Protein chains: 2
Amino acid sequence: MTRVLVVDDEPQILRALRINLAARGYEVTTAADGESALQAARTEAPDLVVLDLGLPDLDGAEVIARLRGWTTVPIVVLSGRTDSADKVDALDAGADDYVTKPFGMDELLARLRAMLRRAGEPEEEPAVAFGDVSVDLAATRVLVRGEEVRLTPTEWHLLEVLLRNPGRLMGHRQLLLEVWGPGYETAQGNLRLYMAQLRRKLEADPARPAYFRTEPGMGYRFDPS
Amino acid sequence: MTRVLVVDDEPQILRALRINLAARGYEVTTAADGESALQAARTEAPDLVVLDLGLPDLDGAEVIARLRGWTTVPIVVLSGRTDSADKVDALDAGADDYVTKPFGMDELLARLRAMLRRAGEPEEEPAVAFGDVSVDLAATRVLVRGEEVRLTPTEWHLLEVLLRNPGRLMGHRQLLLEVWGPGYETAQGNLRLYMAQLRRKLEADPARPAYFRTEPGMGYRFDPS
DNA sequence: GGACCGCGTCAGGATCCTGTGAGGGCCATC
DNA sequence: GATGGCCCTCACAGGATCCTGACGCGGTCC
């Protein structure tokens, strides 16, 4: 099922999009402001984002930039502004399409189809099983040797970022930025703490981790092999 | 160089696009009707197609369909028709974007950039390979004969600088400046030490290096051949 | 032939980083 | 008001990394 995240602060537009998208068989989640949109993009892992630029809390270009910091999900911008400069800014910030309000629902849906057609080949859920652990990213569930393990929100968030980048070294700064957001880039004590928690809960031998490996001076790496 | 095929039967639009695209560093080829457009798409292998729908010989949707029969090159449609049904038809036929005339040149160029950005993605930063070694710069990972080799931050940094300048002589001062930063330009003992570490970890015969060569009195050179 | 210079190598200690435990603040629930 | 869960800060021991200096070796220049 294709998952679409719709971000808009106008309830009637949100409602119209939700109904139309659901009728076409999309799974729809919504957000009404920038922060919850970023949050939802992380937890829901949508296949496509429809983003209204006139959000109450964050500037539209900033939302795009912060999304683009870690995901390449297609972004379709909705906006009431027809000014050419706004379009250029949004597209250059990383948006894939720009639709001005009022828009025809048929056209918007056709644009979404075109976008998904191009983006939508791979969609492999990243490896979610390693050792005795199996992780269901969609359901927010972790099983170790068949037993369910409870993770706190922060632990989960950190695990998610690592799992979505298998084999890849994630720098301290990058992880702190992804999980704690801007302003915590130097709180490395935090990162050590939660990495230790994760290892205690998921690794067979937390003192000698096999999957969540430390790269001294650089960061951490999730190695599923 | 990025190659753009522009298809339009109006000479002034053709001319305007050619000038603007060429000014941005694109390589432009043009066609004035559907048949020659299809021909040009085959012979020129463009990275992007800008297609006017009002062609004299073929229907726009048919041009798209015949292109899509064998290529996935991004197609941006230009059209004077604002009818929603036309947009839906073109997009569902396989177009990636639809811009109505009159259009702002800035906006069109931004849309082309967005399109190329996405299309160009799959060519992810490749793993540099030489001898038995393969280096994945994005994942920060080094394999020698299939075995993972751990590098310290400084070793990695030095390797990165060398790999990003293949075949080029890197002076002592330049390397020290890049890796250690200002203030260490004269610490050549350092450089010798870490170059030795790199060779020990990556070269088949560290005493007779094949890839990380010394240029006496000058510096070092990474030679991938 | 001898002095000199640049390069590779080795071992030492200083420095930084990491894992771990304990403890306090905050919030929601009871 | 008390409890428990979660998050953050601090301190410290052990380990990894980094820098420094000293030593041979081979080539170059006088």
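Predicted, not measured: the structure shown is a model, and the values here were computed from it. Within every chain, numbering begins at 1; the chains are lettered A, B, ... in the order of the sequence lines, protein sequences first and strands thereafter.
The CE-P distance, from A/Met195 to C/dT20, rounds to 12 Å in whole Å. Nucleotide C/dG8 holds its C1' atom 14 Å from the CD atom of B/Glu203, rounded to whole Å. The CZ-P distance, from A/Arg213 to C/dG19, rounds to 13 Å in whole Å. Here the P atom of nucleotide C/dC7 and the CG atom of B/Leu175 are 12 Å apart, to the nearest Å. Distance A/Met218 CE to C/dT18 P: 10 Å, rounded to the nearest Å. One atom, CG of A/Leu191, and another, P of C/dC17, lie 13 Å apart when rounded to the nearest Å. Taking atom CG on A/Leu193 and atom P on C/dG23, their separation rounds to 15 Å, with Å as the unit. When the P atom of D/dC7 is taken as reference, atom CD of A/Glu155 falls 7 Å away, rounded to whole Å.
Residue contacts shown for A/Gly189 are absent, as no nucleic acid heavy atom lies under 4.0 Å away. Residue contacts shown for A/Arg208 are absent, as no nucleic acid heavy atom lies under 4.0 Å away. Residue-level contact check: A/Pro206 touches neither bases nor backbone, having no heavy atom under 4.0 Å from any strand.
Close to D/dC19, at under 4.0 Å from its OP1 or OP2, lies a side-chain N or O of B/Trp180. Between B/Gln188 and C/dC7, a side-chain N or O to OP1/OP2 separation shorter than 4.0 Å is present. The side chain of A/Thr214 contributes no N or O atom lying less than 4.0 Å from OP1 or OP2 of C/dC17. Put simply, A/Asn190 has no side-chain N or O that comes within less than 4.0 Å of OP1 or OP2 on D/dC7. Distances shorter than 4.0 Å separate some side-chain N or O of B/Thr154 from OP1 or OP2 on D/dC18. Between A/Arg192 and D/dC8, a side-chain N or O to OP1/OP2 separation shorter than 4.0 Å is absent. OP1 or OP2 of C/dC7 has at least one side-chain nitrogen or oxygen of B/His172 nearer than 4.0 Å. Contact annotation: A/Tyr220 side-chain N/O to C/dG19 OP1/OP2 distance is under 4.0 Å.
Candidate nucleotides D/dC18, C/dT9, D/dA16 were compared by shortest atom distance to the side chain of A/Pro216, and D/dA16 ranks first. The side chain of A/Pro153 lies closest to D/dC6, out of C/dG19, D/dC19, D/dC6. The side chain of A/Tyr194 lies closest to D/dC8 when the candidates are D/dC8, C/dG8, D/dC19. Across D/dG5, D/dT17, C/dT9, the shortest atom-to-atom separation from the side chain of A/Arg150 is found for D/dG5. For B/Arg200, the listed nucleotide lying nearest its side chain is C/dC10; candidates were D/dT20, C/dC10, C/dT18. With D/dT17, C/dT9, D/dC7 as the choices, the nucleotide that has an atom nearest any side-chain atom of B/Thr152 turns out to be D/dT17.
For A/Glu148, the CD atom is densely surrounded, since the number of other residues' heavy atoms within 6.0 Å is greater than 12. Environment of CZ in B/Arg68: crowded, with over 12 heavy atoms of neighbouring residues, nucleotides or ligands closer than 6.0 Å. Annotation for B/Phe130: atom CZ counts as buried by contact number, over 12 foreign heavy atoms lying within 6.0 Å.
For A/Tyr220 and A/Thr214, the side-chain atoms include no donor-acceptor pair closer than 3.5 Å. Side chains of A/Arg3 and A/Thr29: no donor on one and acceptor on the other come within 3.5 Å.
To the nearest 0.5 Å, the span separating CG on B/Asn190 from NE2 on B/His172 amounts to 12.5 Å.
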